[in-house]
Chemist: 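One structure, pasted below without further comment.
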Amino acid sequence: NSADGLEVQIDVAEGELSETERKAIAGLSKAFQDAVDGLASVPPRMAWSSLAKFDTAVLSSVSLQATTTANGVISQSVEFSADSKQRSLAIKSADGVVKVDVDVSKSALFGNAQQRAAAVSDYLQQFDAARTRGRGNEAMMSLFKDAFAELHQSYEAGAAPSSQAPRIAAAGYTYRSLLSGVADFSASISQNGDASNPYKTSEVDQFTYQVSQSSSVSGRPLFDLGVSQEQRANLSASYHTALAPQQTLDLTRDKDSQNYRFFQIR
């Protein structure tokens, strides 16, 4: 990565690249540049949607691993991978871990762009509500929301055709209006615990949130078509507050500081 941008070097173990393969790889250059620039931003921003838009007829998969160091210590690591069936992103930092996995193998269940955008918006509001209730880290939740939105921004281009798509299409889009519109996924945010009360170190401030969606299709369109979609969410959090809003929480080893509230949410 130089002042003029990202240099791309292609190494071929066997044979030679075709012109189509060269163009497909060269087309990833800007996508990699966008991802790297996003990671280098302060605060970091997610820019993975372009990297996920690759031609699966030419390239089997795309992956990126990146680490950020401060004073010789790794402060953040990122792993991204995508192929014809999935999109996966994991971010680890001193604050905690963010993971998002999206299953793009069931294209028969995808909603249109408007439905998908509305579903993602609803999920982002759900995430904000969970963070507020569990007093989660705002910066980490912002990263989680960006990652979730990016991986759901566009997955049709690289998705593998569903074997169920032709027969499901015969039933029209009626059943899709009952579904979320987004691809199946599993996502989680886990904040590193903080024993903020030195007098009671067993009381740990922490925030963990997991959300997922799974779908299945059975039977025949217009006869006994069965579509099932399940959504799950789980919040586990705990935090300390002062007894009253106007008071300042100041927990020390002194017994006199031990007047507070400790909330646990499951």
Chemist: With rounding to the nearest 0.5 Å, note down the distance linking CG in Asn192 to NZ in Lys92.
Modeler: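 Reported value, rounded in 0.5 Å steps: 11.0 Å.
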Chemist: With rounding to the nearest 0.5 angstrom, report the CZ to CZ distance, Phe263 to Arg133.
Modeler: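 Answer for the CZ-CZ pair, Phe263 versus Arg133, is 11.5 Å.
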Chemist: If we count only N and O atoms by modelled type, under 3.5 Å, do the side chains of Gln86 and Asp103 hold a donor and an acceptor together?
Modeler: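 No, no side-chain donor-acceptor contact under 3.5 Å.
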Chemist: What heavy-atom pair brings His240 and Ser196 nearest, and what distance separates the two atoms?
Modeler: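 Nearest pair, atom of His240 first, then Ser196: ND1-OG, 3.3 Å.
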Chemist: Is the backbone of Ser238 close enough, under 3.5 Å, to the side chain of Arg135 for a donor and an acceptor to pair up by distance?
Modeler: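 No: the side chain of Arg135 does not pair with the backbone of Ser238.
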Chemist: Give a yes or no on whether Phe144 and Val97 share a hydrophobic cluster (residues Ile, Leu, Val, Met, Phe, Trp, Tyr; joining criterion: side-chain heavy atoms under 4.5 Å apart).
Modeler: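 Shared cluster, no.
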Chemist: Can you find a side-chain donor-acceptor pair between Ser214 and Asp184 that sits under 3.5 Å?
Modeler: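 There is no such pair between these side chains.
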Chemist: Let me see the working for Thr208 and Gln191 under side-chain contact (heavy atoms from CB on, under 4.5 Å), right down to the final yes or no.
Modeler: CA-CA 6 Å; Thr208 300; Gln191 189 175 311; over 6 Å; no
Chemist: Is a donor from one side chain sitting under 3.5 angstrom from an acceptor on the other, for Asn197 and Gln258?
Modeler: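 Note: Asn197 and Gln258 side chains meet the donor-acceptor criterion.
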Chemist: Using every non-hydrogen atom in the two residues, find where Ser212 and Ser186 come nearest and quote the distance to one decimal.
Modeler: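 Result for this residue pair: CB-CA, 4.1 Å.
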Chemist: Between Asp254 and Thr252, do the side chains contain a donor N or O and an acceptor N or O under 3.5 Å apart?
Modeler: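 Thr252 vs Asp254: no donor-acceptor pair found between side chains.
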Chemist: Any chance you could lay out the side-chain contact (heavy atoms from CB on, under 4.5 Å) test for Arg116 and Phe110, step after step, and finish with the verdict?
Modeler: CA-CA 8 Å; Arg116 185 175 67 239; Phe110 298 166; 5.7 Å; no
Chemist: As an exercise, state the distance from NZ of Lys145 to CD of Gln126, rounded to the nearest 0.5 Å.
Modeler: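 Lys145 NZ to Gln126 CD: 12.0 Å, rounded to 0.5 Å.
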Chemist: For Gln246, does the CD atom have more than 12 heavy-atom neighbours from other residues, nucleotides or ligands under 6.0 Å away?
Modeler: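 Correct, the count exceeds 12.
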Chemist: Quick check: closest heavy atoms across Ala24 and Val58, and the distance to 0.1 Å?
Modeler: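 Nearest heavy atoms, Ala24 then Val58: CB-CG1, 3.7 Å.
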Chemist: Could you give the distance from CD (Gln231) to OH (Tyr123), rounded to the nearest 0.5 Å?
Modeler: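 Result: 3.5 Å between the selected atoms.
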Chemist: Between Gln65 and Glu79, which heavy-atom pair has the shortest distance, and what is it?
Modeler: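 For Gln65 versus Glu79, the nearest heavy atoms are CG-CG, 4.1 Å.
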Chemist: Distance-only, no hydrogens or angles: does the Gln229 side chain make a donor-acceptor pair with backbone N or O of Leu178 under 3.5 Å?
Modeler: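 Not confirmed, Gln229 side chain does not pair with Leu178 backbone.
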Chemist: Could you grab the distance from atom CG of Asn259 to atom CG of Leu251, nearest 0.5 Å is fine?
Modeler: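 With rounding to 0.5 Å, CG (Asn259) is 10.0 Å from CG (Leu251).
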Chemist: Establish, from distance only, whether the side-chain atoms of Ser257 and Asp250 form a donor-acceptor pair under 3.5 Å.
Modeler: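 No, Asp250 and Ser257 have no side-chain donor paired with an acceptor closer than 3.5 Å.
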Chemist: Would you check if the side chain of Glu203 reaches a backbone N or O of Phe262 as a donor-acceptor pair within less than 3.5 Å?
Modeler: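 No; judged by distance alone, with no hydrogens or angles, the pair does not exist.
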Chemist: Answer yes or no: is there a donor N or O on one side and an acceptor on the other, between the side chain of Arg131 and the main chain of Gly136, under 3.5 Å?
Modeler: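 The answer is yes, because a donor-acceptor pair under 3.5 Å joins these two groups.
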Chemist: Show your reasoning for whether side-chain contact (heavy atoms from CB on, under 4.5 Å) applies to Met141 and Phe207.
Modeler: CA-CA 10 Å; Met141 181 54 76; Phe207 179 89; 3.9 Å; yes
Chemist: Does Arg232 have more than 12 heavy atoms from other residues, nucleotides or ligands lying within 6.0 Å of its CZ?
Modeler: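 No.
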Chemist: Can you see which heavy atom on Ala82 is nearest to which on Arg87, and at what distance?
Modeler: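 Heavy atoms only, the tightest pair is CB-CD, 3.6 Å.
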Chemist: Give a yes or no answer on whether the side chain of Ser142 reaches the backbone of Glu138 with a donor-acceptor pair at less than 3.5 Å.
Modeler: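 No; zero donor-acceptor contacts below 3.5 Å.
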Chemist: Between Phe185 and Phe148, is the gap from one ring center to the other below 6.0 Å?
Modeler: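 Yes, ring centres under 6.0 Å apart.
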Chemist: From Ser190 OG over to Met140 CE, what is the distance, rounded to the nearest 0.5 angstrom?
Modeler: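 Answer for the OG-CE pair, Ser190 versus Met140, is 7.0 Å.
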Chemist: List the atom of Arg253, the atom of Tyr199, and the distance in Å for their closest heavy-atom pair.
Modeler: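 Looks like O-CD1, 3.2 Å.
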Chemist: If hydrophobic clusters are built by linking Ile, Leu, Val, Met, Phe, Trp and Tyr wherever their side-chain heavy atoms come under 4.5 Å apart, do Leu235 and Val204 end up in the same one?
Modeler: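 They do not share one cluster, since no chain of ILVMFWY contacts under 4.5 Å joins Leu235 to Val204.
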Chemist: Would you sort out whether Gln213 and Ser215 count as a side-chain contact (heavy atoms from CB on, under 4.5 Å), showing the intermediate values?
Modeler: CA-CA 7 Å; Gln213 173 189 292; Ser215 310; 3.9 Å; yes
Chemist: Using a 4.5 Å cut-off on heavy atoms from C-beta on, say whether the side chain of Leu59 contacts that of Leu28.
Modeler: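 Touching, per the 4.5 Å side-chain cut-off.
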Chemist: Measuring only between side-chain heavy atoms, which start at C-beta, is Leu64 closer than 4.5 Å to Phe32?
Modeler: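 Side-chain contact under 4.5 Å: yes.
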